[in-house]
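Reckoned from all heavy atoms, side chains included, excluding hydrogens, waters and symmetry mates.
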Amino acid sequence: MKVGFVGAGKVGCSLGMLFETTQHNLAGYYSRTSSSAESAADFTKSKHFQNLETLIEECDTVFITVPDDSISTVWDSIKHMSIAGKMICHCSGSLSSNIFKDIEETGAYGFSVHPLLAVSDRYRSYQELPKALFTIEGDAAHIADIKSLLEGSGLKYSVINADVKTRYHGAAVMCSNLVVALIQAAEDELRICGFSEELLSDAIAPLLTGNVNKVLKVGTKDALTGPIERNDVRTVGNHLNTFDRIDRQVYKTLSLKTLDVAKQKHPETDYSELELLLKNQED
């Protein structure tokens, strides 16, 4: 299965390099920015296509790895070409294969193939891709071909439905981008406490890495500690009275979610007073 990429950014370059090093099936790259496709082709020892139609002709599977708002534009160009029997994929986390409008009329098969990984480096992230779980959704009758492509490079995957793609992407944002914001909130509060910039990482690192490692090892319920699990209404109330503005709202909202975990862990415990505090406290 020959694979080609339309778009030569971080995702396209990384995934293409992985395919080339594991399966030697990379045809090459096409991009509106010729220099970008050329550098990706040089890196992956593949071909730089100056013409989109030529790339389409030479490939069995085409990955459209351009920004989300450009996928439909690229598709509008590709769908008028001879693509019957070809796999057309994009790597957007938020968009489904439904963006390939009227693909059934072309004889091609559409998929979204998304790595649950922050692809941050054009020339190094391919080494991290095997650690990521990929999600696939699209043409059910031919999805086995996409599974086989990923399996050939040692990639793990899960199949999802198009109608949950937005929810899936939101969940991914919660455990990646929003964690960054949560850490920022904690750092802001520690600055108020007088912590120097040099000590912030030392203060946060053991808590952060320790909790993440424990959650990954035993799950959220068994990893939970702290005042909410202990049903310590006074301490939680003091926290709410101390924080203000958005950090207070962050603490309150996440405490309500934490309370759900605590209830699962200790079904015999009456958390009603703590729940009332969190729900009724004025913002």
Side-chain angles (χ1 to χ4, degrees), residues 9-11 14 67-69 91-95 114-122 124-125 127-129 131-133 135 165-265 274-275 277-283:
K10 290 181 287 188
V11 172
S14 299
D68 285 11
D69 57 4
C91 294
S92 167
S94 61
L95 300 174
H114 180 249
L116 272 167
L117 179 77
V119 180
S120 58
D121 191 289
R122 197 164 181 250
R124 294 184 179 87
S125 288
Q127 298 170 325
E128 301 298 315
L129 284 175
K131 300 176 183 178
L133 179 73
T135 52
K165 193 67 188 290
T166 299
R167 184 180 296 274
Y168 151 80
H169 188 245
V173 168
M174 283 185 185
C175 69
S176 57
N177 310 132
L178 297 190
V179 170
V180 174
L182 181 60
I183 295 169
Q184 179 68 54
E187 288 183 345
D188 289 344
E189 295 298 334
L190 290 175
R191 287 186 183 96
I192 295 173
C193 296
F195 281 71
S196 67
E197 295 299 317
E198 293 76 16
L199 288 178
L200 283 175
S201 292
D202 291 336
I204 290 174
L207 287 171
L208 184 63
T209 58
N211 274 290
V212 168
N213 289 334
K214 192 168 184 182
V215 166
L216 295 177
K217 184 177 180 179
V218 301
T220 55
K221 185 173 67 174
D222 289 336
L224 183 62
T225 63
I228 291 176
E229 184 202 5
R230 297 193 302 269
N231 204 17
D232 189 343
V233 178
R234 176 179 293 182
T235 295
V236 173
N238 287 340
H239 291 168
L240 287 167
N241 291 333
T242 299
F243 298 146
D244 57 14
R245 297 185 296 277
I246 191 170
D247 287 351
R248 185 172 184 277
Q249 187 60 47
V250 167
Y251 182 93
K252 177 181 172 182
T253 300
L254 291 180
S255 292
L256 283 168
K257 189 67 178 180
T258 304
L259 187 58
D260 289 341
V261 181
K263 288 178 179 179
Q264 295 175 39
K265 187 172 183 178
L274 180 55
E275 185 171 16
L277 170 69
L278 290 168
K279 288 184 174 180
N280 292 348
Q281 189 86 4
E282 293 183 4
D283 294 331

Counting C-beta onward and ignoring hydrogens, is there a side-chain heavy-atom pair between L256 and K279 closer than 4.5 Å? yes
Minimal heavy-atom distance between L208 and I183, with the atoms involved, is CD2-CD1, 3.5 Å
**OP:** Check whether any side-chain heavy atom of R248 lies under 4.5 Å from a side-chain heavy atom of T242, and answer yes or no.
**Re:** no
In terms of heavy-atom contacts, A223 and V218 come closest through N-CG2, 3.8 Å
Closest non-hydrogen contact found for T166 with S94 is OG1-O, 4.0 Å
*Can you find a pair of side-chain heavy atoms, one from L240 and one from L278, that are under 4.5 Å apart?*
yes
Closest heavy-atom pair, A203 versus L207, reported as atoms and distance to 0.1 Å, is O-CD1, 4.1 Å
Q | R124, CZ: over 12 other non-hydrogen atoms inside 6.0 angstrom | A | no
Review point. Is there a side-chain contact between L190 and I204, using heavy atoms and a 4.5 Å cut-off?
Key: yes
*Atom NZ of K265 with >12 non-hydrogen neighbours under 6.0 angstrom*: yes
Practice prompt. Evaluate whether atom NZ of K263 has more than 12 neighbouring non-hydrogen atoms of other residues, nucleotides or ligands under 6.0 angstrom away.
Written response: yes
So do V250 and F243 actually touch side chain to side chain, heavy atoms under 4.5 Å? no
Check: How about D121 and K10: do any of their side-chain heavy atoms sit closer than 4.5 Å?
Finding: no
Test item: L129 and S14 side chains (from C-beta on) under 4.5 Å apart, heavy atoms = yes
> Would the number of heavy atoms belonging to other residues, nucleotides or ligands and lying under 6.0 Å from CD1 of I246 be above 12?
Replying inline: no
Item to complete: Compare all side-chain heavy atoms of R191 with those of E197 and state whether any distance is below 4.5 angstrom.
Response: yes
inquiry  = Determine whether V212 and V179 satisfy the following criterion, side chain to side chain contact (heavy atoms under 4.5 Å, CB included), listing intermediate values before the conclusion.
reply    = CA-CA 11 Å; V212 168; V179 170; over 6 Å; no
